[in-house]
**Student:** 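Here it is: the structure, laid out below.
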Amino acid sequence: MSKESQVIKQRRKKAQEMEEAGIELYPNAVPAPAPISSIVDEYGGLDAEALEGLDRQFRVAGRIMAMRKFGKVSFCHIQDESGSIQLYAARDTLGQDSYKVFKKYDIGDIIWAEGTLFRTRTNELTLMVREARLVTKSLQPLPEKYHGLTDKELRYRHRYIDLVMNREVRDTFRMRSRIVQLLRQYFSSEGFLEVETPMMQPIVGGATARPFVTHHNALDIDLFLRIAPELYLKRLLVGGFEKVFELNRNFRNEGISIQHNPEFTMLEFYEAYATYEDLMERTENLFAMIARDVRGTTAITYQGAEINLEPPWKRMTLEESLTAVGNIPANELKDRDALSQRLKDAGAPVTGDEPLGKYWTKLFDLLVEPNLVQPTFITHYPTDVSPLARRNAENPEVTDRFELFITGREIANAFSELNDPRDQARRFEEQVANRGDDDEIPPEVDWDYINALEVGMPPAAGEGIGVDRLVMLLTDSPSIRDVILFPQLRPEHIRRER
RNA sequence: GGGCCGUUAGCUCAAUUGGCAGAGCAAUUGACUCUUAAUCAAUAGGUUCGGGGUUCGAUUCCCUGACGGCCCA
């Protein structure tokens, strides 16, 4: 990239010549254009005669996506956010000078045009240009018109070109925006208060993950980008807000994959006096509502697989899933040696120091999770892998918790909240004591959180929903990078000569 | 972190056994008053991702690095 390509050199030269001829390359404003789709929607049904009878001029503006120039007449398609339309420019209607300028416009330029509607011989609704102006000169050539931009690296690095060229990409991000809007509407209408809690936290908590570290100079302390907002949201329950939610970014300093971006969007909500069972119902209804809105149905396809989001969804305890889906005999489930052997066979050996719950969740990840294609709630997670969840009343070895799986991926995690400060303090201390050098576990106990629980948190249930994964599901996107506008990539170090 | 695959003109892609690096679109010039992947004629455009090696000769084979994709952890 240190040497400018011939195409760009020629464009710069052409732009300079136009400027010298008195054409403004980046004018301040033009008379407001109408959205192209509004014109197409309103007049697209009229025949040639009816269009001719319209005594009206229309103003449009958009980027030139294709151009076909003849001697004294030119066609081009311009595209705005709403749609695209063909323009017809003729020397005889535009005048010799204006037409000469029109022919200088390049694919990629943004232009403005005013004119009348008519139908071409091939019956396409077209704007006969009476006046045209350059709005923004483009100095970079657009990708090839037929194949467009397909190289994934270039698409992610130059998302703006991807958006110009690929309609499906624009549609995906419109749908993402709609989904986020629906989530907000749902929780607001259900009486939840939207809040914002710290992104920079002095003590990480609320999940098991490696954090990003940053430094505050004035305070001279390290701060961590949050891996979850959970412990702050629950402080708000203590404060008396009974239904709260937060929809924002979390940061985890881990690998990048088709399912993981270092920053990702999570919706967390907490509801006093509810239990995890109430949340299962809420989740089913919420997902079904969103699917009906954005897909028109609860029977969707994801990468070729039929997914039925119509409630109620399947429910299974973790233990049941290990035997029923993972095919582990029930009598082996408490047998560490047998489980250890299975993990070794699966290529994920354990050291032997892990709690039994860790064996179960590891085996679950390997043998069960990929097979949970239809929406499935897995419940009764072992207490030793659920440090913030309330113990089950009948069996304190497990918690009142569920995780939701769809298309073999975890999409949500929820539980009835542990609000006994004594139990919480013990579990935190145990976690820190057994931490070793595992930097996914916080190195210190968040005593202020314990203090909050001692003030008293009402019984409550809370849930986190992975918004990116939900959007992947509903937009049929195979990679998380397809639903994040600017996914994290290794920097490319572009040097430009000016 | 490991394995496999990829990187050639602005974009999409070719290149036989290791033998002059090519096409389409885009660009430039010309012709053309209803095209839509417009057409026709001509022109220009390359550090074949970087570095090293083998060879008379490397886009091609080997080593190494960069970036990306997919799979696994």
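Everything numeric here is computed off the predicted structure, so don't read it as measured data. Chain letters run A, B, ... following the sequence lines, proteins first, then strands; residues in each count from 1.
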**Student:** Would one find a side-chain N or O of A:R121 under 4.0 angstrom from OP1 or OP2 of B:rU35?
**Tutor:**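 For B:rU35, OP1/OP2 do not have a side-chain N/O of A:R121 under 4.0 Å.
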**Student:** Please work out if A:L366 contacts a base, only the sugar-phosphate, or nothing of the nucleic acid, heavy-atom cut-off 4.0 Å.
**Tutor:**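 Sugar-phosphate only.
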**Student:** B:rU12 and B:rC72: how far apart are their C1' atoms, nearest whole angstrom?
**Tutor:**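 Going atom to atom, C1' in each nucleotide, I get 32 Å.
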**Student:** Using the P atoms only, state how far B:rC62 lies from B:rG6, rounded to an integer number of Å.
**Tutor:**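 After rounding to an integer number of Å, I get 11 Å for this pair.
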**Student:** If you only use heavy atoms from C-beta on, which nucleotide in B:rU12, B:rG69, B:rC34 is closest to the side chain of A:Y88?
**Tutor:**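 Selected nucleotide (nearest to the side chain): B:rC34.
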**Student:** Step through it carefully: locate the ring centre of A:Y381, locate the ring centre of A:F415, and say whether they are under 6.0 Å apart.
**Tutor:**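 They do not qualify: ring centres at least 6.0 Å apart.
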**Student:** B:rC72 C1' sits how many Å from A:L343 CG, rounded?
**Tutor:**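 One finds 16 Å between C1' of B:rC72 and CG of A:L343, rounded.
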**Student:** Quantified in whole Å, what is the C1' atom distance between nucleotide B:rU16 and nucleotide B:rC11?
**Tutor:**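 Taking atom C1' in both B:rU16 and B:rC11, they lie 27 Å apart.
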**Student:** Whole Å only: how far is the CE atom of A:M67 from the C1' atom of B:rU39?
**Tutor:**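 Rounded to the whole Å, the gap is 17 Å.
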**Student:** Would you say A:R167 and A:Q79 are linked by a side-chain donor-acceptor pair, where the criterion is simply a distance under 3.5 Å?
**Tutor:**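 A:Q79 vs A:R167: no donor-acceptor pair found between side chains.
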**Student:** Below the 4.0 Å mark, does B:rA37 have OP1 or OP2 next to a side-chain nitrogen or oxygen of A:R68?
**Tutor:**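 Checking A:R68 against B:rA37: no side-chain N or O falls below 4.0 Å of OP1 or OP2.
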**Student:** Could you tell me the Watson-Crick or G-U partner of B:rC67, where both distances fall under 3.5 Å? Say none if there is no partner.
**Tutor:**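 Checking every strand shown, B:rC67 finds its partner in B:rG6, with both distances under 3.5 Å.
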**Student:** Record whether the side chain of A:Q6 comes under 3.5 Å of the base of B:rU28 through a donor-acceptor pair of N or O atoms.
**Tutor:**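 Flag unset: no donor-acceptor pair detected.
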**Student:** Which nucleotide sits closest to the side chain of A:T150: B:rG68, B:rG69, B:rU12?
**Tutor:**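 Taking heavy atoms from C-beta onward, the closest nucleotide is B:rU12.
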**Student:** Going from CG on A:L225 to CZ on A:R249, what distance comes out if it is rounded to the nearest 0.5 angstrom?
**Tutor:**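 Going from the CG atom of A:L225 to the CZ atom of A:R249 covers 11.5 Å.
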**Student:** Below 4.5 Å, heavy atoms only, C-beta onward: do A:L318 and A:F364 meet side chain to side chain?
**Tutor:**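 Contact flag for A:L318/A:F364 side chains = yes.
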**Student:** Would you say A:F70 stacks on B:rC32, if stacking means ring centres under 5.5 Å apart and planes within less than 30 degrees?
**Tutor:**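 It does not: the two rings, one from A:F70 and one from B:rC32, miss the stacking criterion.
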**Student:** Using the C1' atoms only, state how far B:rG19 lies from B:rC61, rounded to an integer number of Å.
**Tutor:**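 Per the computed distance, 15 Å lies between those C1' atoms.
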**Student:** Using a cut-off of 4.0 Å on non-hydrogen atoms, how would the nucleic acid contact of A:I258 be classed: base, sugar-phosphate, or nothing?
**Tutor:**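 Counting heavy atoms under 4.0 Å across all strands, the contact made by A:I258 is with sugar-phosphate only.
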**Student:** Would you classify A:Y99 as touching base, sugar-phosphate or nothing, given that sugar-phosphate means primed atoms plus P, OP1 and OP2, and contacts are heavy atoms under 4.0 Å?
**Tutor:**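 If one applies the 4.0 Å heavy-atom cut-off, A:Y99 turns out to touch nothing in the nucleic acid.
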**Student:** How close or far is atom P of B:rG10 from atom CG of A:D106, stated in whole angstroms?
**Tutor:**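 From A:D106 CG to B:rG10 P: 17 Å.
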**Student:** Kindly point out which of B:rU35, B:rA27, B:rC25 is positioned nearest to the side chain of A:E144?
**Tutor:**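 Looking only at side-chain atoms, A:E144 lies closest to B:rC25.
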**Student:** My understanding is that a pair needs two contacts under 3.5 Å, Watson-Crick or G-U wobble. By that rule, which nucleotide pairs with B:rA21?
**Tutor:**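 WC or wobble partner does not exist here.
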**Student:** B:rU35 C1' sits how many Å from A:K69 NZ, rounded?
**Tutor:**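 Rounded to the whole Å, the gap is 14 Å.
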**Student:** Looking across every strand, which nucleic acid part, if any, lies under 4.0 Å from A:G255 by heavy atom: base, sugar-phosphate, or nothing?
**Tutor:**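 No contact at all - A:G255 keeps every heavy atom at 4.0 Å or more from the nucleic acid.
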**Student:** Atom CG of A:L154 and atom P of B:rU8: how far apart are they, to the nearest Å?
**Tutor:**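 After rounding, the reported distance stands at 9 Å.
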**Student:** Can you measure A:I8 atom CD1 to B:rG10 atom C1' for me and round it to whole angstrom units?
**Tutor:**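 Taking CD1 of A:I8 and C1' of B:rG10, I get 6 Å after rounding.
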**Student:** Both A:S479 and A:D151 contact RNA chain B. Which one's nearest nucleotide lies toward the 5' end?
**Tutor:**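 Closest to the 5' end, via its nearest nucleotide, is A:D151.
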**Student:** To the nearest Å, give me how far apart CZ (A:R11) and P (B:rU28) are.
**Tutor:**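 Roughly 8 Å, once rounded to whole Å.
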**Student:** For B:rA21 and B:rA27, measure between their P atoms and round to the nearest Å.
**Tutor:**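 B:rA21 and B:rA27 have their P atoms separated by 28 Å.
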**Student:** For the residue pair A:Q140 and A:H158, confirm or rule out a side-chain donor-acceptor distance under 3.5 Å.
**Tutor:**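 Checked: A:Q140/A:H158 side chains show no N/O donor-acceptor pair below 3.5 Å.
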**Student:** Looking at A:N308, is its backbone amide N or carbonyl O close enough to the side chain of A:Q374 to form a donor-acceptor pair, meaning the two atoms are under 3.5 Å apart?
**Tutor:**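 Indeed, once roles are kept as given, a pair shorter than 3.5 Å links the two residues.
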**Student:** Between atom NZ in A:K152 and atom C1' in B:rC5, what is the gap in whole Å?
**Tutor:**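 That distance rounds to 13 Å.
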**Student:** For RNA chain B, whose closest nucleotide is more 5', that of A:I256 or that of A:R119?
**Tutor:**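 Nearest-nucleotide comparison on RNA chain B picks A:R119.
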**Student:** Rounded to whole angstrom, note down the P distance from B:rA66 over to B:rA73.
**Tutor:**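 Their P atoms lie roughly 24 Å apart.
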**Student:** In whole angstrom, give me the gap between the C1' atoms of B:rU47 and B:rU43.
**Tutor:**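 Looking at atom C1' only, B:rU47 and B:rU43 are 24 Å apart.
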**Student:** Report the nucleotide, chosen from B:rC11, B:rG10, B:rC71, that has the shortest atom-to-atom distance to any side-chain atom of A:S5.
**Tutor:**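 Side chain of A:S5 sits closest to B:rG10.
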**Student:** Return yes if the base of B:rU35 and the side-chain atoms of A:T120 contain a donor-acceptor N/O pair under 3.5 Å, otherwise no.
**Tutor:**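 Answer yes: a donor N or O sits under 3.5 Å from an acceptor.
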**Student:** Is any side-chain N of the basic residue among A:D97 and A:K100 closer than 4.0 Å to the acidic one's carboxylate O?
**Tutor:**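 No, no charged N to carboxylate O under 4.0 Å.
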**Student:** Mind checking who B:rG1 pairs with, Watson-Crick or G-U wobble, both distances under 3.5 Å?
**Tutor:**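 Answer to the pairing question: B:rC72, which forms a Watson-Crick or G-U pair with B:rG1.
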**Student:** When you measure from the side chain of A:R481, which nucleotide among B:rG68, B:rG69, B:rC34 comes out closest?
**Tutor:**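 So the nucleotide nearest the side chain must be B:rG69.
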